[in-house]
Amino acid sequence: MKDLNELLENNRAWAEDIKTHNPQFFQTLSKEQSPKYLWIGCSDSRAPATQLVGLRAGELFVHRNVANVVVHTDFNCLSVMQYAVEVLKVEHIIVCGHDGCGGVLAAMQNLRLGLIDNWLRHVQDVMQKHDATLSRIADETLRLNKLCELNVVEQVLSAGRTTIVQSAWERGQELAVHGWIYGLHDGLLRDLKMCITNPEELAAAEHATARASA
Ligand code: CO
């Protein structure tokens with residue numbers, strides 16, 4: 001039970017492999033990080049952020065929670081965003097959901113799992129807002145995947161409304177918020193064509209989303 005040697009051995013092999021190709025890699029990286037991207041994704045073990053976009057250590061700043069939710073009172077997510085935007089000066093925030101998300105499914109089925117129900121309440125808000133769209137989809141898997149997409153769209157809008165993103169835009173800092181979905185079945189990312197780079201685009205996306213949900 002206490003033996004995690006396999007993981008520690010994996011780690012040694014990983015570090016050795018990197019040092020073989022680039023002997024200074026860790027020394028250089030230990031001095032500073034300058035990632036261009038902040039990833040806000042689901043905690044799901046099947047959606048490993050850095051690996052699935054082919055980046056190396058130091059290239060992707062990451063925040064993950066169940067169902068990739070951006071909540072305005074979540075100081076964990078907001079602190080990550082603030083540090084990423086104001087200190088690291090990332091240029092892109094990528095909100096990435098995935099199809100077949102267990103958190104989104106639990107929200108959709110109104111399951112009683114405990115504390116997490118309160119967290120998933122945010123996804124249920126998305127579900128209620130888009131009830132007209134979702135109720136037209138009879139197949140449960142398709143409906144789930146649509147809700148996964150709509151959740152990303154709403155979380156992109158939510159990220160855009162934070163004081164962090166708003167202030168960055170006011171300062172003239174270049175910052176784009178994107179919405180993506182990761183396919184567990186094929187390992188591929190899909191761009192939801194949701195990219196917001198200023199308050200006008202945010203307002204337009206909010207109107208479009210509200211119209212689509214009516
Ligand atoms: Co998930």
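In this text the structure is predicted, and so the values were computed from the model without any measurement. In each ligand, atom 1 is the first atom listed, and ligand 1 is the first ligand listed.
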Distance-only donor-acceptor check, side chains His185 and Asp99, under 3.5 Å: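 Distance-only check passes for His185 and Asp99.
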Backbone of Leu115 reached by a side-chain donor or acceptor of Asn118 within 3.5 Å: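 Side chain of Asn118 to backbone of Leu115, a donor-acceptor pair under 3.5 Å: yes, one is there.
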Atom CD of Glu6: over 12 foreign heavy atoms under 6.0 Å: no
Interatomic distance, Lys129 atom NZ to Leu150 atom CG [nearest 0.5 angstrom]: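 So the NZ of Lys129 and the CG of Leu150 are separated by 9.5 Å.
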Under 2.8 Å from the Co ion (ligand 1) - protein N/O/S, by chain and number: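 Metal shell, protein only: Cys42 SG, His98 NE2, Cys101 SG.
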Validation row: Met81, Ile40 side chains within 4.5 angstrom (heavy atoms): yes
Audit row: Arg121, Asp117, salt bridge (charged side-chain N to carboxylate O under 4.0 Å, His left out) steps and yes/no: CA-CA 6 Å; Arg121 184 65 232 173; Asp117 301 350; over 6 Å; no
